[in-house]
Amino acid sequence: MPRILDGAAIAAAIKQEVAEEVKRLGAQGIRPGLAAVLVGHVPASEIYVRSKVQTCAELGLYSDLITPEDTITTEEMLELVMGLNDRDDVDGILIQLPLPKQVDAKALLDQVDPAKDVDGFHPVNAGRLLAGRPALAPCTPAGVIEILKRSEIPIAGAHAVVLGRSDIVGKPVAMLLLHQNATVTICHSKTRDLPAVTREADILVAAIGRAGFVTPEMVKPGATVIDVGINRIATREEFERFFKGDAKREAAFEKRGSTLVGDVHPQAYAMAGAYTPVPGGVGPLTIVMLMANTVRAAKMRRGL
Ligand code: NDP
């Protein structure tokens, strides 16, 4: 039986550490603060941001939720961000994506002070990460490394194959794995004979946004599989394709009308030595790493 890497338990442990650090900083009169900008009313974004703000409260961080209407212009958003850059009570700035079409997201993210860029999306932080300098690393990739390390999965010398090359997940996770001395291969939609490449992986990180894309024959027996994908399925046909015979899932699916599946087919987990489930694997780490980054930004900004 493969080992299940329990992201929720790892996230809880990190939460505790962050809360203790916040307490220590509090004794020095410092309260790390996160400004979260949520534009408009995208339901998924509202859920994510609410949960980020809630976690701030839980861990003792200050948070400020800013909710402009979805008619806001790029210029108005730039002004808002510059204001946050100048505020001393704000250590981290989070701009929830996606933004409305009329807003130039790249221009905006480039305007965030790199010292407050707790999502790690600014080119300065991407460059620092590439150069192996201290940087605010993107939260999901940082969470993947935490899962591997805290689960004592050896990274150094392992062949890590990263499926996906986005700026948010694929590229940064590949870079972090490289810094941990893995031999890293990055795959994407143009990769030739993908199964032959993924089958070489001691550590396979799947981040492509395709439900159940990784099938059993793509996994080397005993590999560690990190499933970053979050895909909602809502049809009976899809459900049967992934979870046929799983009574617990079926009950949840019936109740909610949908369920989540990763980028890895559940049958492929059976090939692994260890894997992160969906939900409950990588997902819980993302928010907690945002908190950790905010505390880190607060300390770095004060030269601590
Ligand atoms: P993007 O859509 O930005 O990138 C997808 C990547 O996958 C691209 O590099 C693309 O290749 C590659 N890809 C797509 N289809 C294929 C294919 N058939 N074969 C090989 N490669 C393919 O996605 P993200 O990186 O933003 O997200 C990936 C997944 O991770 C999503 O399911 C998302 O929901 C999830 N996610 C989860 C988070 C969490 O908290 N757990 C946080 C962020 C994302 P190419 O570049 O050639 O087009």
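In each ligand, atom 1 is the first atom listed, and ligand 1 is the first ligand listed. Quantities reported herein were computed from a predicted structural model and do not represent experimental measurements.
The proximity of Ile230 to ligand 1, defined as any non-hydrogen pair under 4.0 Å, involves the side chain as well as the backbone. Only side-chain heavy atoms of Asn231 come within less than 4.0 Å of ligand 1; its backbone N, CA, C and O stay farther off.
The closest protein non-hydrogen atom to atom 14 (C) of ligand 1 is Arg210 NH2, 3.8 Å. Looking only at heavy atoms of the protein, atom 11 (O) of ligand 1 is closest to Ser189 N, 3.3 Å. The shortest contact between atom 43 (C) of ligand 1 and any protein heavy atom is with Val169 CG2, 3.8 Å. The shortest contact between atom 42 (C) of ligand 1 and any protein heavy atom is with Thr140 OG1, 3.2 Å. The shortest contact between atom 36 (N) of ligand 1 and any protein heavy atom is with Val228 O, 3.8 Å. Nearest protein heavy-atom neighbour of atom 7 (O) of ligand 1: Ile208 CG2, 3.1 Å. Summary of contacts: the protein heavy atom closest to atom 29 (C) of ligand 1 is Gly209 N, 3.5 Å. At the shortest separation from atom 19 (N) of ligand 1 among protein heavy atoms lies Phe213 CZ, 3.6 Å.
Every atom of ligand 1 with a heavy atom of Gly164 under 4.0 Å away is listed here by number and element: 6 (C), 7 (O), 9 (O).
Put simply, the side chain of Phe242 reaches to within 4.5 Å of the side chain of Ile233, judged on heavy atoms. Residues Ile147 and Leu285 meet the side-chain proximity criterion, which asks for heavy atoms closer than 4.5 Å.
Distances from ligand 1 to the non-hydrogen atoms of Gly283 include at least one value under 4.0 Å. In this structure, Cys187 does not count as a contact residue of ligand 1, since none of its heavy atoms falls inside 4.0 Å of the ligand.
Proximity of atom 2 (O) of ligand 1 to the protein is not indicated, since no non-hydrogen protein atom lies closer than 4.0 angstrom.
Among Val144, Ile287, Thr286, the residue whose heavy atom sits closest to atom 40 (O) of ligand 1 is Thr286. Selection from Cys139, Pro138, Ser166 by nearest heavy atom to atom 25 (O) of ligand 1 gives Ser166. Across the listed options Arg232, Lys190, Arg165, Arg165 owns the non-hydrogen atom lying nearest to atom 9 (O) of ligand 1.
A salt bridge does not link Arg31 with Asp89: none of the charged nitrogens is closer than 4.0 Å to a carboxylate oxygen. Using a cutoff of 4.0 Å between basic side-chain nitrogens and carboxylate oxygens, Lys255 and Glu250 are not scored as salt-bridged. A salt bridge links Glu58 with Lys15: the distance from a Lys NZ or Arg NE/NH1/NH2 to an Asp or Glu carboxylate oxygen falls below 4.0 Å. Classification of Lys23 and Glu20 as a salt-bridged pair fails, no side-chain N sitting under 4.0 Å from a carboxylate O.
Side-chain contact annotation: Tyr62 with Asp91, donor-acceptor N/O pair under 3.5 Å absent. Between the side chains of Ser51 and Gln54, not a single donor N or O lies within less than 3.5 Å of an accepting N or O.
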Could you walk me through whether Gln267 and Thr215 pass side-chain contact (heavy atoms from CB on, under 4.5 Å), step by step? CA-CA 7 Å; Gln267 282 171 8; Thr215 48; over 6 Å; no

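Proximity of the aromatic rings of His265 and Phe213 is defined here by a centroid distance below 6.0 angstrom, and this criterion is not met.
Nearest heavy-atom pair, Val118 versus Cys139, reported as atom, atom and distance to 0.1 Å: O-SG, 3.5 Å.
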